[in-house]
There are 2 protein chains.
Amino acid sequence: MATITTIDGLAQLSFLIYGTLERRAAEHDLSMVQTRVLGVLRDRRPTMNQLAAYLGLDKSSVTGLIDRAERRGLVAREPSPADRRSVLVSLTEPGRALAARVQAAFEADVTEMLARLTPPERAALSAVVTHFVTAHAEATGVDLAAGLLPSP
Amino acid sequence: MATITTIDGLAQLSFLIYGTLERRAAEHDLSMVQTRVLGVLRDRRPTMNQLAAYLGLDKSSVTGLIDRAERRGLVAREPSPADRRSVLVSLTEPGRALAARVQAAFEADVTEMLARLTPPERAALSAVVTHFVTAHAEATGVDLAAGLLPSP
DNA sequence: TATTGTTATACTCTATAACTATA
DNA sequence: TATAGTTATAGAGTATAACAATA
């Protein structure tokens with residue numbers, strides 16, 4: 001029954017939540033980066049270049065990522081009408097459905113974890129976490145926005 | 001100024017903390033898994049097999065991981081006196097020093113984030129996070145124990 | 001026979017550099 | 001010339017299957 005510091009607790013909490021999503025994604029043969037791709041595309045139809053910026057990856061890495069996702073039928077490439085050099089990437093219906101399944105399973109897991117807290121604890125956690133995240137967003141200028149896999 | 005749910009907030013918080021560690025580790029040319037290896041070895045001298053269990057990886061994956069860490073002088077292999085099939089893995093002094101530097105930088109980052117909260121908020125966060133993590137440990141039987149990179 | 005660790009092989013993920021096609 | 005995307009190549013990380021040495 002060791003006393004844990006706030007920092008250790010936050011680190012453990014992060015690994016716990018991150019690992020939960022990773023496990024649920026793996027159940028559907030999705031890596032974390034493929035899961036992020038689906039998350040980014042949920043409400044966007046970016047070019048390959050823009051997608052690389054969202055993911056913080058080199059464009060050559062994204063070529064392979066989208067190759068594999070397209071081979072599985074999760075995303076589609078289309079030529080951009082505006083610029084014949086560009087390629088637009090979007091989610092297919094199976095891709096959208098898969099993303100929804102993973103997100104639902106993940107949310108169920110976290111809901112179950114939250115159920116172990118008392119209602120006042122849940123309220124306190126919600127308030128502090130919200131402030132923590134928004135304060136960080138303001139301080140750094142990076143808004144994580146809403147959704148499973150936020151992006152700048 | 002969208003309202004975020006507790007689940008979204010927790011997910012964002014987790015990505016934020018996880019990404020912070022990942023960035024600090026990368027500054028020292030450490031991947032997350034190599035960082036976990038150093039963390040596990042901080043207070044253990046396991047066999048390859050035991051290390052694989054701590055990391056949740058196949059033993060063949062750990063062979064390559066330790067090959068690369070050993071090549072960098074961060075860890076050392078020794079024959080086990082107890083069983084001539086076994087190999088004991090331990091941190092070298094440079095490995096220990098590197099792990100300490102990464103941990104210190106990470107803790108400084110999180111401390112800075114926590115400084116954006118009020119003292120009562122910090123106290124509330126600490127209490128709830130501790131309960132969250134310990135409640136999960138009790139419910140699942142997995143004790144994350146102390147330290148930067150907890151293991152079963 | 002069973003276990004420990006390594007090797008062989010295959011695939012994902014990542015980056016750098018060079019290339020093609022457009023702008 | 002500059003930009004968008006792909007290809008070539010190299011290396012880390014992962015797993016499965018086969019193997020050698022030891023128990």
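For the numbers below, each heavy atom of this structure counts, side chains included, while hydrogens, waters and symmetry mates do not.
Residue B:Arg68 places its side chain closer to D:dT14 than to any other of D:dT14, C:dT14, D:dA4. Comparing atom distances between the A:Arg71 side chain and each of D:dG13, D:dG5, C:dT12 picks out C:dT12 as nearest. Distances from the side chain of B:Arg85 to the nucleotides D:dT7, C:dA2, C:dA15 place C:dA2 closest. With D:dT14, D:dT7, C:dA15 as the choices, the nucleotide that has an atom nearest any side-chain atom of A:Leu57 turns out to be C:dA15. Distances were taken from every side-chain heavy atom of B:Asp83 (C-beta onward) to each of D:dG13, D:dT6, D:dA23; the shortest belongs to D:dA23.
In this entry the distance linking CD of A:Glu70 with P of D:dG5 reads 13 Å, nearest Å. One atom, CD1 of A:Ile66, and another, C1' of C:dC13, lie 13 Å apart when rounded to the nearest Å. A:Asp29 has its CG atom 17 Å from the P atom of D:dT14, to the nearest Å. Distance B:Leu55 CG to D:dT14 P: 8 Å, rounded to the nearest Å. The distance from atom CG of A:Leu74 to atom P of C:dT12 is 13 Å, rounded to the nearest whole Å. Atom CD of B:Gln50 and atom C1' of C:dT3 are 13 Å apart (whole Å). As a whole-Å value, the separation of B:Leu88 CG from C:dG5 C1' is 13 Å. In this structure, B:Lys59 atom NZ and D:dA20 atom P are separated by 14 Å, rounded to whole Å.
Residue contacts shown for A:Thr47 are limited to sugar-phosphate atoms, with no base heavy atom under 4.0 Å away. A:Thr63 comes within 4.0 angstrom of a nucleotide base, judged by non-hydrogen atoms across all strands. If you check every strand for non-hydrogen atoms under 4.0 Å, B:Ser86 touches sugar and phosphate atoms only.
Between C:dT6 and B:Arg77, a contact under 4.0 Å exists linking OP1 or OP2 to a side-chain N or O.
Counting distance only, with no hydrogens placed and no angle test, the side-chain atoms of A:Arg84 and the base atoms of C:dT22 include no donor-acceptor pair under 3.5 Å. With hydrogens and angles ignored, a donor-acceptor pair closer than 3.5 Å exists between the side chain of B:Ser60 and the base of D:dT16.
The environment of CD in B:Glu112 is sparse: at most 12 heavy-atom neighbours from other residues, nucleotides or ligands sit within 6.0 Å.
In this structure, A:Arg116 does not pair ionically with B:Glu138, as no charged nitrogen and carboxylate oxygen lie closer than 4.0 Å.
Taking the side chain as every heavy atom from C-beta outward, A:Leu16 and B:Phe132 approach each other to under 4.5 Å.
Among A:Leu65, A:Val75, A:Ile66, the one residue that satisfies the side chain to side chain contact (heavy atoms under 4.5 Å, CB included) test with A:Leu51 is A:Ile66.
Along DNA chain D, the nucleotide nearest A:Asp58 and the nucleotide nearest B:Gln34 are compared for position; the residue whose nucleotide lies closer to the 5' end is A:Asp58.
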Checklist entry - Step by step, would you call A:Asp67 with A:Arg77 a salt bridge (charged side-chain N to carboxylate O under 4.0 Å, His left out)? => result CA-CA 9 Å; A:Asp67 282 350; A:Arg77 280 176 166 105; 3.0 Å; yes
